Amino acid sequence: MKEKELRIALVCYGGVSLAVYMHGVTKELWKLVRASHGLHAPPHGPVRAPVDTEVVYRGLLADLLPDLSLRVLVDVAAGASAGGINAVLLARAIAHDLDLEPLTRLWLENADVTALLTQDHKAGRWSKWFMRPLLWLWFRRYTNMAPDEETRDKLSFFVRSRWFSPPFDGKRLMEFLLDAAHAMGKSGARPDASLMPRGLPLSLHITTTDFHGYTTRIPAHDPPEITEREHRHRFSFRYRRGATGDVDSDFTDGDVPGLVFAARASASYPGAFPPAQIRQMDHLLHERAERWEGRARFFERNFAEYRRHGADPEQASFIDGSVLNNKPFAAALAAIAGRPAYREVDRRMVYIDPKPAVTNGAAKPEPPGFFRTIRGALSDIPRNEPVRDELLAIAGRNARVERLRGLLDAARPRVREQVARVVGGPLPDAPSIEQVRQWRDAASRAAASQAGFAYEAYLRLKIEGALERLAAVLAPCLGRGDAVGRATMQAALHEWARARGVLPDRIDAPPEVETGPADSAPPWVRFLREFDVAFRDRRLRFLIRELNGLYTLLGDGEFADTQHSDLDEMKAGLYSALERLPHAIGLDMLNAGDRSALDHLLRGDGHSPPGSAALDRALERLASVWNLEAQSVEVDEIFALVGLNYLGPAARTRVFEAYLGFAFWDVLTFSTSGWVELDEFHAIKVDRIGPPDARLLRRGGAPVELRSARMNAFGGFFSRQDRALDYVLGRLHAAERCIDLLVDAGGLTLTEARINAHKLRAFHAILQAEEARFGCGHPAMEQIRKWVEACG
């Protein structure tokens with residue numbers, strides 16, 4: 001059976017009260033992930049029966065069997081402003097398999113002007129009585145703005161309330177979010193429960209804006225460094241359960257205050273909510289007699305850059321993340337890099353856009369007026385800048401991936417010939433670890449000799465890259481890990497490399513010397529053996545990619561004697577080796593005493609960069625701790641023992657061709673691509689979820705513009721009926737798009753009528769669930785039922 005993963009990286013835009021619609025969408029994606037998990041994963045504790053649309057998704061996933069086992073995951077979430085709130089609680093629900101219903105109640109009941117207004121701002125019966133006639137005339141003229149009595153009453157109440165200070169209560173919002181996060185359930189109630197599979201991380205990134213910012217130093221020519229203010233900030237959280245069951249989670253009950261603060265900070269809409277400060281969370285927790293067990297880890301993981309620049313994050317004032325980054329595509333795209341893959345992956349970047357740009361032809365000929373220009377420059381244009389650059393970047397990356405894959409596939413026959421020459425014929429049944437090492441070294445020599453003068457450029461790029469990474473690792477030893485500190489350390493390392501022959505004017509040593517005894521090898525060879533972490537990283541990722549390609553071949557012909565579990569066993573060993581590479585560990589491998597000695601050695605008098613003698617001693621210590629050659633021997637052992645004991649002859653030959661042939665592929669491609677596109681080695685498809693994309697529901701008469709979009713997207717705060725309508729529309733739109741995703745990822749060739757039948761089943765399941773909440777006579781539900789029934 002073919003196995004495949006549909007991986008979703010979710011991007012949630014800012015949108016003020018449009019967050020209610022976005023919650024409907026994220027809730028439906030959560031149900032899709034739950035349905036997939038329930039179908040594929042072993043139960044932890046009592047088995048929960050699927051509810052409403054989960055039944056529909058399970059049925060569609062089951063229809064793919066026995067030809068395809070498709071698993072659906074949300075492994076990356078990025079959010080800004082109100083979208084950040086949805087992303088935070090969705091990620092917590094996924095990490096520990098918790099309930100998302102409390103967030104639904106928060107949006108429907110508490111996202112209201114009467115609940116959010118600060119107590120001393122609320123208008124009394126006679127507050128600003130002179131405004132009533134003006135409001136009456138305004139309501140008569142702009143009926144679309146406030147079409148119902150509830151909206152008019154609450155808008156009058158809001159306008160007559162206190163002005164010139166943020167009307168909404170940031171403390172109450174934090175209270176609502178804390179209550180909702182705790183009501184989702186206890187993370188420790190079922191320790192093994194999660195919607196994430198073992199070994200695959202979940203990443204959450206929330207943007208915010210530091211109003212005052214902090215001073216950063218940037219290297220320049222004259223003056224040698226420039227100071228600038230940094231206002232962008234990103235809160236990052238992660239979850240991962242290792243192969244042995246150990247869990248690293250930022251989503252536990254003890255981490256809830258940090259998650260809530262990130263959501264509150266990102267949603268601090270200027271003028272509506274006051275800026276958020278960490279002391280506000282501390283005071284609130286003190287009032288509620290609650291502990292913040294994960295506080296130290298929250299600071300360590302989210303404010304290391306502040307500490308490096310001497311800034312105090314507890315003094316920072318955070319405002320809305322949408323001020324500088326309303327559509328955090330870049331955060332999601334960066335999080336995808338380096339994801340492990342145990343199956344074929346269909347990678348999707350899904351973004352929720354509740355208010356897409358309308359294509360209405362050419363721009364208006366008349367110039368904007370005074371106030372409209374100011375509002376557009378300060379708010380509308382920055383918040384609604386299209387994602388053109390990010391989408392073009394993804395398209396460019398996909399094109400480069402395809403070119404590189406084509407290059408590798410075209411070289412495969414030639415590489416296969418070279419590996420056969422190195423081995424000297426067919427692969428032996430039981431080669432020793434020493435034989436594997438000798439073949440690997442011989443392949444490196446053959447690749448060098450065949451590359452000719454291009455090999456020098458390849459080596460220089462590797463040496464320069466290793467020096468750059470060492471500079472990043474060692475810069476904190478100078479007492480400043482910022483860009484200036486890295487530049488200072490890199491200059492010192494370059495000086496050392498030239499003095500020690502690591503970067504000679506010409507690299508023309510015989511290739512055979514590269515794998516000779518350590519003492520006789522040239523300095524640049526010894527340096528690469530000790531510090532070229534990137535080469536080992538590329539090799540392991542390439543081997544994992546090759547193993548992934550075998551899954552679709554198993555069970556047939558010459559691959560019939562190799563099972564999925566055999567590949568899983570070997571790949572687990574490769575991932576374990578990958579995780580232990582020092583690029584992810586750096587100086588953490590040193591104990592406190594060694595780290596202190598290294599700091600003292602490199603810092604010297606505190607002013608001058610370290611000299612070559614000091615770097616000699618520091619790098620010698622680092623090389624002994626990293627011990628990269630021992631890790632290479634470990635990978636040799638995996639191939640010599642695990643590969644031969646678990647894999648059939650055909651699969652074994654394919655895997656050894658990849659391992660021994662990597663030297664040829666690396667020389668061929670590294671100088672032009674750096675392999676930077678091959679982290680996950682899959683094209684990224686972009687899918688949008690928004691009102692215009694629900695084509696079947698629109699056929700039934702559903703609108704493109706949401707009710708909450710009125711009043712510059714604040715409309716939902718004034719009408720519970722509008723929130724109910726937009727929330728249910730969010731679920732319906734997402735259900736339609738989820739079915740589109742499943743059909744496309746599964747490669748199903750279904751008729752439009754059959755696809756629409758699945759969508760209608762989902763629509764009616766949502767109607768049944770939400771009518772139980774709101775009641776059949778609710779005006780919003782009556783209107784939605786008419787649209788659904790008109791779909792057929």
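Because the structure is a prediction, the values reported are computed rather than measured.
- No donor-acceptor pair under 3.5 Å is formed between the side chain of S36 and the backbone N or O of V33.
- Counting heavy atoms from C-beta on, the side chains of L173 and F168 never come closer than 4.5 Å.
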Going by atom type alone, with no hydrogens or angles, which donor-acceptor pairs under 3.5 Å involve a side-chain atom of residues 776-783 and a protein atom two or more places apart or on another chain?
residue, atom, partner, partner atom, Å
H778, ND1, A780, N, 3.1

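- Put simply, CZ on F261 and CE on M281 are 7.5 Å apart, with the number rounded to the nearest 0.5 Å.
- Using modelled atom types, no side-chain atom of R707 and backbone atom of Q721 make a donor-acceptor pair closer than 3.5 Å.
- R288 has its side chain within reach of D179: a pair of non-hydrogen atoms, C-beta onward, lies under 4.5 Å apart.
- Salt-bridge annotation for R238 and D250: absent, with no side-chain N of the basic residue lying under 4.0 Å from a carboxylate O of the acidic one.
- Between the side chains of E770 and Y727, a donor-acceptor pair is found at a separation under 3.5 Å.
- When the side-chain hydrogen bond (donor to acceptor under 3.5 Å, both in side chains) test is applied to H233, no partner is found at least two apart in sequence or on another chain.
- With rounding to the nearest 0.5 Å, the separation of OH in Y239 from CZ in F251 is 10.5 Å.
- Here the CG atom belonging to L10 is positioned 7.5 Å from the OG1 atom belonging to T26, to the nearest 0.5 angstrom.
- A donor-acceptor pair under 3.5 Å links the side-chain atoms of S266 to the main chain of T207, judged by distance alone.
- When side chains are defined from C-beta on, Q280 counts as touching R264, because their heavy atoms get closer than 4.5 Å.
- Across I336 and A9, no two heavy atoms sit closer than the pair CD1-CB, 4.0 Å.
- Here the straight-line distance linking atom CG of L259 with atom CG of L177 works out to 10.5 Å at 0.5 Å rounding.
- Atom NE2 of H286 has 12 or fewer neighbouring heavy atoms from other residues, nucleotides or ligands inside a 6.0 Å radius.
- N110 places none of its side-chain heavy atoms less than 4.5 Å from the side chain of R105.
- With salt bridges taken as basic N to acidic carboxylate O contacts below 4.0 Å, one links D740 and K759.
- Put simply, NE2 on H23 and CD1 on I85 are 11.5 Å apart, with the number rounded to the nearest 0.5 Å.
- Under a 4.0 Å N-O distance rule, the pair E101/K27 qualifies as a salt bridge.
- The side-chain heavy atoms of L204 and F235, taken from C-beta on, include no pair separated by under 4.5 Å.
- Contact check for L6 versus L741: side-chain heavy atoms found under the 4.5 Å cut-off.
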- Please walk me through it: do Y21 and H733 pass side-chain hydrogen bond (donor to acceptor under 3.5 Å, both in side chains)? CA-CA 10 Å; Y21 170 84; H733 292 172; 2.8 Å; yes
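- Qualifying side chain to side chain contact (heavy atoms under 4.5 Å, CB included) partners for Q315, counting only residues two or more places apart in sequence or in other chains: R279, D312.
- Side-chain atoms of D320 and S81 include a donor-acceptor pair closer than 3.5 Å.
- Counting all heavy atoms, side chain and backbone alike, F717 lies closest to A111 at CD2-O, 3.3 Å.
- Closest non-hydrogen pair, A77 versus A87, comes out as CB-CB, 4.4 Å.
- Electrostatic pairing of R92 and D255 does not count as a salt bridge here, judged by no charged N lying under 4.0 Å from a carboxylate O.
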- Start with the C-alpha distance between I684 and L333, add both sets of side-chain angles, then the distance that settles side-chain contact (heavy atoms from CB on, under 4.5 Å), and finish with yes or no. CA-CA 9 Å; I684 299 173; L333 191 60; 3.5 Å; yes
- Task: Show your working on side-chain contact (heavy atoms from CB on, under 4.5 Å) between W292 and V256 and close with a plain yes or no.
- Result: CA-CA 8 Å; W292 185 354; V256 163; over 6 Å; no
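- Applying the 6.0 Å contact sphere to CZ of R297 captures more than 12 heavy atoms from other residues, nucleotides or ligands.
- Note: Y306 and F303 have perpendicular aromatic rings, judged against thresholds of 30 and 60 degrees for the angle between ring planes.
- The pair D346-R7 does not count as a salt bridge, with every side-chain nitrogen at least 4.0 angstrom from each carboxylate oxygen.
- With sequence neighbours excluded, the residues forming a side chain to side chain contact (heavy atoms under 4.5 Å, CB included) with P50 are E54, V55, R58, listed by chain and number.
- Aromatic ring orientation, F298 versus F237: parallel (interplanar angle below 30°, classes split at 30° and 60°).
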- Message: salt bridge (charged side-chain N to carboxylate O under 4.0 Å, His left out) for R785 and E771? Distances and angles first, verdict last.
- Response: CA-CA 10 Å; R785 180 165 284 280; E771 283 175 347; 2.8 Å; yes
- Message: Set out, in order, the CA-CA distance, both residues' side-chain angles and the distance that settles salt bridge (charged side-chain N to carboxylate O under 4.0 Å, His left out) for D52 and K31, then state yes or no.
- Response: CA-CA 9 Å; D52 57 68; K31 286 183 172 292; 3.5 Å; yes
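- Residue-environment remark: CZ (F211) stays at or below the threshold of 12 foreign heavy atoms within 6.0 Å.
- With sequence neighbours excluded, the residues forming a side chain to side chain contact (heavy atoms under 4.5 Å, CB included) with R291 are E293, listed by chain and number.
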- Take S236 and H205, measure what side-chain hydrogen bond (donor to acceptor under 3.5 Å, both in side chains) needs, and give me the verdict at the end. CA-CA 5 Å; S236 295; H205 304 277; 2.9 Å; yes
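- Between the side chains of S719 and R723, no donor N or O sits under 3.5 Å from an acceptor N or O.
- For R731 and D726, the salt-bridge test fails: no basic side-chain N is under 4.0 Å from an acidic carboxylate O.
- Looking at every heavy atom in both residues, G715 comes nearest to S17 through N-OG, 3.6 Å.
- Closest approach of S194 and A95 over heavy atoms only: OG-O, 2.7 Å.
- Here the straight-line distance linking atom CG of D722 with atom CG of L706 works out to 10.0 Å at 0.5 Å rounding.
- Looking at heavy atoms from C-beta onward, P692 lies in side-chain contact with V704 at the 4.5 angstrom threshold.
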- Item | Chi angles and distances behind the salt bridge (charged side-chain N to carboxylate O under 4.0 Å, His left out) call for R698, E736 | CA-CA 11 Å; R698 285 185 60 195; E736 183 168 349; over 6 Å; no
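- Salt bridge status for D75 with R240: absent, with no side-chain N to carboxylate O gap under 4.0 Å.
- The backbone N or O of I319 lies less than 3.5 Å from a partner atom in the side chain of T208, making a donor-acceptor pair.
- Under the salt bridge (charged side-chain N to carboxylate O under 4.0 Å, His left out) criterion, D99 pairs with no residue at all, not counting sequence neighbours.
- The pair R295-E314 meets the salt-bridge criterion, since a charged nitrogen lies less than 4.0 angstrom from a carboxylate oxygen.
- H231 and T209 share no donor-acceptor pair across their side chains, judged by distance under 3.5 Å alone.
- Listed here is the closest heavy atom pair of A93 and W30: CB-NE1, 3.9 Å.
- Between D693 and D687 there is no side-chain heavy-atom pair separated by less than 4.5 Å.
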